[in-house]
Number of protein chains: 2
Amino acid sequence: MTGNLSETRVDATTDMPEEPTQALRFGRARTARSSALQEDYVELIADLMAAHGEARATDIAKRMGVTHPTALKSITRLKREGLVTSRPYRGIFLTEAGQELAQRVRARHRLMVEFLLALGVPAEAAEADAEGMEHYASEATLAAFGRFLGRLRRDI
Amino acid sequence: MTGNLSETRVDATTDMPEEPTQALRFGRARTARSSALQEDYVELIADLMAAHGEARATDIAKRMGVTHPTALKSITRLKREGLVTSRPYRGIFLTEAGQELAQRVRARHRLMVEFLLALGVPAEAAEADAEGMEHYASEATLAAFGRFLGRLRRDI
DNA sequence: ACTGAATTGTACCCTTGGCTACATTAGTCT
DNA sequence: AGACTAATGTAGCCAAGGGTACAATTCAGT
Ligand SMILES: [Mn+2]
Ligand SMILES: [Mn+2]
Ligand SMILES: [Mn+2]
Ligand SMILES: [Mn+2]
């Protein structure tokens, strides 16, 4: 009785994942992709607030490497989602929900970077890769990363 | 002289990455995001060819969890990019370039899954997370994953 | 208080990647 | 051969996220 309960089901004849299983996985990846940008904005806004006491649209745009109308449009979406507030010609502020999201996203970002560094990935690659990968790591994967770091530290 | 040459430069006063550095990282993540879908399609087409000897539009759509017009539109884009060919009412075929891409993407996918499994991530989470994360892992990160697996195997 | 520069806002355009609805073709079974 | 079904193609809609060009406002420095 060595069978792993959570083993992925594959079609015996094709050695591919079953169709509905695979469709669900791609669907989850699509969902994650659609929130990735928002997560990055919220994290960045929190960082700017912490560093400069305010988050200006221009700074956000510069940091994101995007033109200011593009940034403004994304910020409008964040407002609609209740993550951010702003009054004309004033800065951008995180709502309660925005701050909570920022905190989670920031912790995840740090864990991801730390993990890659611990594995021996050069710093710049670790930062760049983490910026993309972080949005697709489930709680289970983050937990595994944490265990790995814990083990490293324990074993000096 | 312990300074790491590849250490990320941060603004000393704000403890944030410098603006152009961070903008470049977000830019790279955007680029990766825009090729992620194409990579998944090409990988899937190769898998279907291997399993069934052909790749039909309907099967691709079902596997991707998407309606067939959506799949067809993506396939049209793959044609434009020279990764795929097709004649009306016949199947989809990978070009030389498409097959090469498929091979690289498939190897990367397997490495990613194997790595997560080795870390103790449950199989279904490993598969799902890999589907998203794979597109953002640089060569440096993939190499680190490979080293980790090698060490595991060596140390029994 | 004025003026010029920087910031912010707005209008409009494009591509990607979703969808539904409908038309056409191919394939299968009697 | 004809008819039904499945597959494929096409048209048109939408939202997100990128861009340019230009208008309006704020802010600093004189
Ligand atoms: Mn990110
Ligand atoms: Mn991040
Ligand atoms: Mn994928
Ligand atoms: Mn894949």
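We name chains A, B, ... by the order of the sequence lines, and we start the count at 1 in each one. Atom set for the values below is all heavy atoms of this structure, side chains included, hydrogens, waters and symmetry mates excluded.
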So which protein nitrogen or oxygen atoms get under 3.5 Å of nucleotides 12-15 of chain D's nitrogens or oxygens?
none

Report task. Send over the distance from I92(A) CD1 to dT7(C) P, rounded to a whole Å. Result ->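 It works out to 14 Å between those atoms.
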Requested in this report: Starting from P on dT25(D), measure out to CG on L72(A) and report it in whole angstrom.
Outcome: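 Value for this atom pair: 16 Å.
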Query raised in the report: Does any N or O in the side chain of S86(B) come within less than 3.5 Å of the main-chain N or O of G91(B), such that one atom is a donor and the other an acceptor?
Result: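 No, S86(B) side chain to G91(B) backbone: no donor-acceptor pair under 3.5 Å.
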Query raised in the report: Taking the side chain from R25(B) and the backbone from E124(A), do they hold a donor-acceptor pair closer than 3.5 Å?
Result: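 A pair under 3.5 Å: no.
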Query raised in the report: Which distance, rounded to the nearest 0.5 Å, do you find between the CD1 of I75(A) and the NZ of K79(A)?
Result: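 The CD1 atom of I75(A) sits 8.0 Å away from the NZ atom of K79(A).
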Query raised in the report: Could you give the distance from CD (E134(B)) to CG (D40(B)), rounded to the nearest 0.5 Å?
Result: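 So the gap between those two atoms works out to 5.5 Å.
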Query raised in the report: So which of residues 57-67 of chain A are in contact with DNA chain D, with a heavy-atom cut-off of under 4.0 Å?
Result: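 Residues of residues 57-67 of chain A under 4.0 Å from DNA chain D: V66(A), T67(A).
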Requested in this report: Could you list by number each residue of residues 28-51 of chain B showing a heavy-atom separation from DNA chain D of less than 4.0 Å, or answer none if no residue does?
Outcome: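 Within this stretch, R30(B), R33(B) sit under 4.0 Å of the strand.
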Report task. Kindly assign one of parallel, tilted or perpendicular to the pair F115(A) and F145(A), based on the angle between their ring planes and the thresholds 30° and 60°. Result ->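 Because their plane-to-plane angle is under 30°, the rings of F115(A) and F145(A) count as parallel.
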Might you list the N or O atoms of the protein lying below 3.5 Å from N or O atoms in nucleotides 24-27 of chain C, with each pair's distance?
from    : atom 1 : to     : atom 2 : distance (Å)
dT24(C) : O2     : Y89(B) : OH     : 3.2
dT25(C) : O4'    : Y89(B) : OH     : 3.1
dG27(C) : OP1    : R90(B) : NH1    : 3.2

**Report entry** side chain to side chain donor-acceptor pair (under 3.5 Å) partners of residues 136-148 of chain A, not counting sequence neighbours, each pair once
**Finding:**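 Residue pairs with at least one partner in residues 136-148 of chain A: Y136(A)-Y136(B), S138(A)-D129(B), T141(A)-D129(B).
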I'd like a table of donor-acceptor pairs (distance under 3.5 Å, sequence neighbours excluded) in which one partner is a side-chain atom from residues 27-35 of chain A, with atom names and distances.
from   : atom 1 : to     : atom 2 : distance (Å)
R30(A) : NH1    : M64(B) : O      : 3.1
R30(A) : NH2    : M64(B) : O      : 3.4
R30(A) : NH2    : G65(B) : O      : 3.0
T31(A) : OG1    : G27(A) : O      : 3.1
S34(A) : OG     : T31(A) : O      : 3.2
S35(A) : OG     : T31(A) : O      : 3.1
S35(A) : OG     : A32(A) : O      : 3.3

Query raised in the report: Is the ring of H68(A) stacked on the base of dT7(C), with centres less than 5.5 Å apart and planes under 30° off?
Result: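 By the stated criterion, H68(A) and dT7(C) do not stack.
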